[in-house]
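Heads up, the thing below is written out as structure tokens.
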2 protein chains.
Amino acid sequence: MARAERLAQDLSLQFTTLRRRTLEVVAEEGRPLGAYDIAERLSAPGKRVAAVSVYRALDFLTEHGLVHRIASRNAFVPCEHGHGAGESAVFLICRSCGSVDETISAEIERSLDHTLAQAGFKPASRIVEIEGECGACQGRQEEG
Amino acid sequence: MARAERLAQDLSLQFTTLRRRTLEVVAEEGRPLGAYDIAERLSAPGKRVAAVSVYRALDFLTEHGLVHRIASRNAFVPCEHGHGAGESAVFLICRSCGSVDETISAEIERSLDHTLAQAGFKPASRIVEIEGECGACQGRQEEG
DNA sequence: GTCTTGCCTGTTACAGTGTAACGATCGGCG
DNA sequence: CGCCGATCGTTACACTGTAACAGGCAAGAC
Ligand SMILES: [Zn+2]
Ligand SMILES: [Zn+2]
Ligand SMILES: [Zn+2]
Ligand SMILES: [Zn+2]
């Protein structure tokens, strides 16, 4: 990810090997990965990476917007947008193939802001996760 | 909850003591409760309720729309609406007081449907959870 | 009545998820 | 050099959730 590299220069020292490799592993996989799965992929014979280290790396990466946590799956995906400020994402999670698509919709953003303002609620973070079936899997199912 | 009682008659046999008491405990608390917290509240000296039983009761209650699971907290709240069919809720979770407010917005529903249709995604369940500060806590903070 | 069946519950055991605490290591700085 | 801050390794532990199996109980069949 080029965006990560750019950010890396800003925080020069902060983007350590473990954090970089954690991001790489998450980005290479096409589906959400659990922290323990990541630890396993980062481990080599004789060089084991503990899950707690992965959690710390993931904390760093999520704080800087490089990965997202999927609350309904206890898993992590790379950010594919580089959204600014309070811009939040909508995650489309396919129950068949397990893929996660991250989209941004100004329309949803607006209607959420509207509802929150009406309720007098000051938002800090937003979680919008939709489970269902992605377009590809729908087509596959109709054929088979 | 009257709604629960009404449903109880439909499923007469199904609404057992354990399930009823689980719903009561969740409804009495003003904030999301974890399954183990519920088990603790249901337990009496000499009569311990295991967490696994609570999970089964919660499965039943969520399937029938009497309680909701808060994915970002691994906790459960009573449903306060009795929403029909695919109508999904928006949860406003206060970081200060821990309260959860359940609201329904047709506007959000519409914009979500629109975005999903555009992406060719067939939704099955929706999770919308906003963390932030509720109106009451904002007022309290400004004073103190 | 008794037997079988299905559903709910109890119990144990275990897998998966996440954090606290402490120590070692490394780099920068006086 | 010694100090300080941040990162990382290691251990231990708490919390969340499920699988598997056995007992209880009500309802219907014989
Ligand atoms: Zn993103
Ligand atoms: Zn799919
Ligand atoms: Zn509800
Ligand atoms: Zn509050």
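Per chain, numbering begins at 1; letters A, B, ... match sequence-line order. Hydrogens, waters and symmetry mates play no part in the numbers below; they use all other heavy atoms, side chains included. All figures in this text were calculated on a predicted structure; none of them were measured in a lab.
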Nucleic acid contacts - residues 47-57 of chain A versus DNA chain D, non-hydrogen atoms under 4.0 Å: A:K47, A:R48, A:A50, A:V52, A:S53, A:R56
Salt bridge (charged side-chain N to carboxylate O under 4.0 Å, His left out) pairs, two or more places apart, involving residues 114-127 of chain B: A:E133-B:K122, B:E109-B:R126, B:D113-B:R126
Pairs meeting criterion salt bridge (charged side-chain N to carboxylate O under 4.0 Å, His left out) with involvement of residues 49-75 of chain B, two or more places apart: B:R73-B:E131
Over 12 foreign heavy atoms within 6.0 Å of CD, B:E102: yes
Remaining members of the apolar cluster that contains A:Y55, side-chain heavy atoms under 4.5 Å: A:Y36
Residue-phosphate contact under 4.0 Å: B:Q14 side-chain N/O, C:dC8 OP1/OP2: yes
[X]: which residues meet the side-chain contact (heavy atoms from CB on, under 4.5 Å) condition with it, sequence neighbours left out?
X	answer
A:Q118	A:H114
A:V49	A:L18, A:L42, A:S43, A:S53, A:V54
B:R31	B:E29, B:L33, B:R41
A:T115	B:T103, B:S105, B:I108

Whole angstrom value for the distance that separates [atom2] of [N] from [atom1] of [X]:
X	N	atom1	atom2	answer
A:L18	C:dC26	CG	P	15 Å
A:Y36	C:dC14	OH	C1'	14 Å
A:I38	C:dT17	CD1	C1'	13 Å

Heavy-atom contact window of chain B on DNA chain D, given 5' to 3' at under 4.0 Å: D:dT16 to D:dA20
Touch class at under 4.0 angstrom, heavy-atom based, for A:R73 against every strand present: nothing
